[in-house]
Amino acid sequence: MMEHPENEELYKGLKVNKGVSDVPTVNPYLKKRVQRRQYSPAEFVEGILKGDITILSQAVTLVESARQEHQVLAQEIIEKCLPHAGNSVRIGITGVPGAGKSTSIDTFGMHLLKQQHKLAVLAIDPSSERTKGSILGDKTRMEDLSRQPNAFIRPSPSAGSLGGVARKTRETIVLCEAAGFDTIFVETVGVGQSETAVHSMVDFFLLIQLAGTGDELQGIKRGIMEMADGIVINKADGDNVDKANLAAAQFRNALHLFPPAASGWTPQVLTYSGYYNLRIKEIGEMIDAYVAFTQKNGYFEHKRNEQSKYWMYESIHEALRDSFYHNPRVEELLPFVEGQVLRNEISSFVAAKQMMETYLLTNEGGEMVND
Ligand code: GDP
């Protein structure tokens, strides 16, 4: 008992036990957890095509990863999945916080599952980086849906620019479609630029609105209303029904003032209750009608092609911007040249030309950076 100095007489009341080499673990299963094996691209693709959700999730994690080797692997998987993708209806859903997006997606999603659909719910929430907590990240927001085997819910990729976040979501759509999901929701908070990003990757854009403020049309950016293929007024239940109907009439009137949409489709305005599951069916029917209409007039296909083109150029712009601003010589010179511009020593255009020349001269063999 004397092997520890503090066990001497001097330290009365104190007894230091011999240490144990292996502390008994609280959770015995922890030890059994084996290191996850990295699948080969072919195994990933095979798993995804079989609809294996675990493998799909892991592939999405690769898509979202900033590591170069993960990106290389992800791109290979995406490329192999592409021929199996495209077979879904992609629906963008937006609305201000509190509009009832989660509640509605839960109810509408359950409605679609009952019709034998397979639903993936993705999100674009570029604010999550700033706030360190994704508004659209919490699975428990969709309590019923998150328990269903035919639903795949994935929070917004965090970190990075809106362009980067959007690219990851677009690539995730490809993987989900290859895994057999025939309906894709892409959710975003109606507070800014992210709507445009969502609009550029979906077939149908749904705007969730609330009634009751008296001036419903205020505060909605005209651009967002113009993007909408359907405006749905939520919480049309209880005392709120009349107000919701009034708001619907106001929206219908406002929509008349817009030029006709390129799709030839007249945006519809519906009222419903996500919480009480009222008239959800009508929303589904509206989207079905839109898909049938635009498939018949060729717009469906046309829009998807335009989106593919758009994303090619977006990716190029993003990569060029990244490569330029991460160029060490550019990073070093930029503040200096900026100072020259501010002191009127050189013009903005000369400064830009100089920076571009610096970039082009020093970027030989430059690597593409993915964020
Ligand atoms: P989100 O921020 O857009 O995702 O909105 P939530 O789905 O979290 O809903 C915000 C609040 O509105 C919650 O307290 C919901 O219970 C409530 N809510 C959502 N849908 C309805 C509805 O149809 N009727 C009523 N009365 N309340 C609703």
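Whatever order the structure lists ligands and atoms in, that order sets their numbers, starting from 1.
- Screening Phe185, Phe300, Phe293, Tyr290 for a ring-ring contact (aromatic ring centres under 6.0 Å, His included) involving Phe204 leaves a single residue, Tyr290.
- Polar contact with ligand 1: present for Tyr275 (N/O pair, distance under 3.5 Å).
- Close approach to Ser273 involves these atoms of ligand 1, each under 4.0 Å from a residue heavy atom: 22 (C), 23 (O), 24 (N).
- Put simply, the side chain of Phe181 does not reach to within 4.5 Å of the side chain of Val121, judged on heavy atoms.
- The closest approach between Val96 and ligand 1 falls below 4.0 Å for a heavy atom of the residue.
- Taking 4.5 Å as the limit, some side-chain heavy atom of His111 sits within range of a side-chain heavy atom of Lys281.
- Numbered from 1 in the order shown, with element, the atoms of ligand 1 that lie under 4.0 Å from a heavy atom of Thr103 read 6 (P), 7 (O), 9 (O), 15 (C), 19 (C), 20 (N).
- Remark: the backbone N or O of Ser88 is not paired with any side-chain donor or acceptor of Asp182 at under 3.5 angstrom.
- An N or O contact shorter than 3.5 Å links Ser102 to ligand 1 by distance.
- Between Gln116 and Asn150 there is no side-chain heavy-atom pair separated by less than 4.5 Å.
- Judged by distance alone, the side chains of Thr362 and Asn327 do bring a donor and an acceptor atom under 3.5 Å apart.
- Between the SG atom in Cys81 and the CD1 atom in Ile48 there is a gap of 4.0 Å [rounded to 0.5 Å].
- In summary, the atoms of ligand 1 found under 4.0 Å from a heavy atom of Asp237, numbered by their order in the structure, are 22 (C), 23 (O), 24 (N), 25 (C), 26 (N).
- Counting atoms of ligand 1 from 1 in the listed order, those under 4.0 Å from a heavy atom of Gly274 are 23 (O).
- Considering backbone and side-chain atoms alike, Lys235 places an N or O below 3.5 Å from some N or O of ligand 1.
- Taking every heavy atom of Pro97 and a limit of under 4.0 angstrom, the matching atoms of ligand 1 come to 2 (O).
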